[in-house]
Amino acid sequence: MRSVPALGVPVGTLRVLPVRAWNIRALVAGPALLVGPLLLFMAAFYGYPVLAMLARSVTDPHPTLANFAQLAGDGVFLHVFGNTLRTALVVTIGTLLLGYPVALALSRMRPTAATITLTLVLLPFWTSVLVRSYAWMVLLGRRGLINEALRALDIIQTPLKLLNTSFAVDIAMVHILLPYMILPIASVMRQIDPSLPRAAAGMGATPWGAFRQVILPLSMPGALAGTLLVFVLSLGFYITPALVGGPRDLMLSQLIAQQVDLLNWPYAACLSVTLLGATLVLLAATQVLPGVRGAFRLGSR
Amino acid sequence: MDGGLAPLAAARVGRGASVSLVDLEKRFEGVGAVRGISLEVASGEFLTLLGPSGSGKTTTLMMIAGFETPSGGDIAIDRQSVVGVPPHRRNIGMVFQNYALFPHLTVAENIAFPLKQRGVDRATRAARVVEALQLVRLPGYEARYPRQLSGGQQQRVALARAIVFQPRLLLMDEPLGALDKQLRESLQLEMRRLHADLGITFVYVTHDQEEALTMSDRIAVVNEGRIAQLGRPEELYDRPCDRFVASFLGESNFLTGTVRGMEAGVVVADCAGAVLRAVAPQGLAVGSAVTLSTRPERMRFDGVSGAAEGNRLRTTVTEAVFAGERCRYLLRAEDGTMLVLKEPSSATTRRRAVGEVAEITWPVADTVVV
């Protein structure tokens, strides 16, 4: 049977749609035509500038790899890169620990309760990152809600330094990135056949045993996807660390912005390539890791 | 837990658990799904809960397994009430409609799962897995994953997994529902064999009457949350107690009329323009309305071999269908009642033509009041 390659639908089934015949032919003939405009747009306004920027890391002032060679001995870069990795790691672990139980709860709720909870999870998602970061400034400031409350309760006399620390960055980023962890896990968990934990219980597994031996392994693809997503997003985070972070604990993207401000294009380009490279290496590593690909395939069932 | 290697298929008397349901009820948000089911399942029996979807048969099974909590009544296994006992402490084997095999585990790991929960050591587990796979005729499949198996093979693995820990009671929820007809029939026979080999109690849920008739020692026909009739397959088929059972379990012809009188356990009634007789368990008042029921294959055209004396009716053939092993005729009695007659096909029997007037006869013993 002939089928529409892009959609995987037999051609015959499309005929039931009230579409003119030439439309169907166009659909069959070229999915490329359909994505073409977007591809052109992306190439002109995203692909070209990015490549041009990245190219400067090896062409400015003249074709050289010296820019990269300098990075290895650059104390500022190493500190910032280390801090970026540490932040991404802490945020990823934080969102995983907080998000997994929520995803599990979501999968066990009745449909109405699940819809409400999902909306609550997504609500901050629809608010701008800028607004949420400012909210954390209000909460964590010297005269912020937390310090004032602690002082009113006579727990502390002098305000704690919460804002402009890496602790503030960790907290705010965990909050902002939580939906990216919860959603993939919840979507994989929802695909787990509810008769599986039942079957486990019927065969003598305790509730904890059923979770550990059935739910946990079957939800791993979701946890992995969430972990990857949050880690990669954390690596390139800019607004939140810029607003609530400390001046000495810069993230890589802040350093890039700083260098661009100083018109130090080659250095900024060099840092960008490093960030992009780190992200790509990470993605590649998770694809190659034994079991991961299989886990993803299992999840798509 | 017995970690030894007693063979799975060593038939022993009294090996199965007895189950008793007393006035069992289940309401979902006020709506009664099960409305007072009382039932005694004997040790080693193969009992089928047969009913249309939504009749409460699966809910009843889920309550026995412990996945649903009864709203009322009691469930006892081996005379011990299990209400409030969580499923993982009930020690019951269960086969689910969609098999519920763990997709991330191999066949061997799936089958070993219940043994692992019971702390059986690795060597014994491996030996038991081999034995269980032999029992369901799937040896050598240990290392496969469920997705690499056909539906029938998955079904066998689910069965092996449900019996490998030697439960005394096995519950099955429409286990053959997703398989094609031929596979279903061969697995039905295997289930019977397995039941005989293991000697444990089977409680089987299905909506397929043929499946129920083929496999069960006894059938409980469930309708609207209650047991409509309970008995051996032949009893249910030959003596359905009401119109629902008569039409759900096989096909039936219904003839309505009025009682003319009683003669020694047989009711005489005016039906479809004739005087017909039927087995009646109790006396019926003269002049009261009555419905008689007969199976289509018990009726014969007058004069053919095997035609028995008894009831006799004059009909007109309105439809004749050749269906391989039998011919199926749709007949109209003189009062307009439509009847189905199934005649075993043979090269020598004369096919009736549409429009032909035919006398049909059938034994009084095959006619019941419903």
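Predicted model only: the values in this text are computed from it and were never measured. First the proteins, then the strands, lettered A, B, ... as listed; each starts at 1.
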K.L.:
At a 4.5 Å cut-off on heavy atoms, which part of Phe67(B) comes close to chain A: side chain, backbone, both, or neither?
P.N.:
both
K.L.:
Please look at Leu101(B) and chain A and tell me whether the side chain, the backbone, both or neither of the residue comes under 4.5 angstrom of a heavy atom of that chain.
P.N.:
backbone
K.L.:
Against chain B, label Ala200(A) side chain, backbone, both or neither, depending on which of its atoms sit under 4.5 Å from a heavy atom there.
P.N.:
both
K.L.:
Atom CZ of residue position Phe167(A) - does it have more than 12 heavy atoms of other residues, nucleotides or ligands inside 6.0 Å?
P.N.:
no
K.L.:
Go through His104(B) and Met220(A) one step at a time and tell me if the side chain to side chain contact (heavy atoms under 4.5 Å, CB included) criterion holds.
P.N.:
CA-CA 11 Å; His104(B) 61 300; Met220(A) 279 321 279; over 6 Å; no
K.L.:
Would you mind checking which part of Asn98(B) comes under 4.5 Å of any heavy atom in chain A, side chain (CB onward), backbone (N, CA, C, O), both or neither?
P.N.:
side chain
K.L.:
Could you please state which residues from residues 201-208 of chain A sit under 4.5 angstrom from chain B, measuring non-hydrogen atom to non-hydrogen atom, sorted by number, or 'none'?
P.N.:
Ala201(A), Gly202(A), Met203(A), Gly204(A), Ala205(A), Thr206(A), Pro207(A)
K.L.:
Counting C-beta onward and ignoring hydrogens, is there a side-chain heavy-atom pair between Arg198(A) and Met94(B) closer than 4.5 Å?
P.N.:
no
K.L.:
Are there residues of residues 95-104 of chain A whose heavy atoms fall under 4.5 Å of chain B's heavy atoms? If so, which?
P.N.:
none
K.L.:
So, for Leu196(A) and Phe102(B), which heavy atoms are closest and what is the spacing to 0.1 Å?
P.N.:
O-CE2, 3.4 Å
K.L.:
Determine whether Asp193(A) and Tyr99(B) satisfy the following criterion, side chain to side chain contact (heavy atoms under 4.5 Å, CB included), listing intermediate values before the conclusion.
P.N.:
CA-CA 11 Å; Asp193(A) 180 351; Tyr99(B) 322 134; over 6 Å; no
K.L.:
Any chance you could measure Leu218(A), atom CG, to Leu105(B), atom CG, to the nearest 0.5 Å?
P.N.:
8.0 Å
K.L.:
Does atom OH (Tyr238(A)) have a neighbourhood of more than 12 heavy atoms from anything else shown, all under 6.0 Å?
P.N.:
no
K.L.:
Around atom CZ of Arg108(A), are there more than 12 heavy atoms from other residues, nucleotides or ligands closer than 6.0 Å?
P.N.:
no
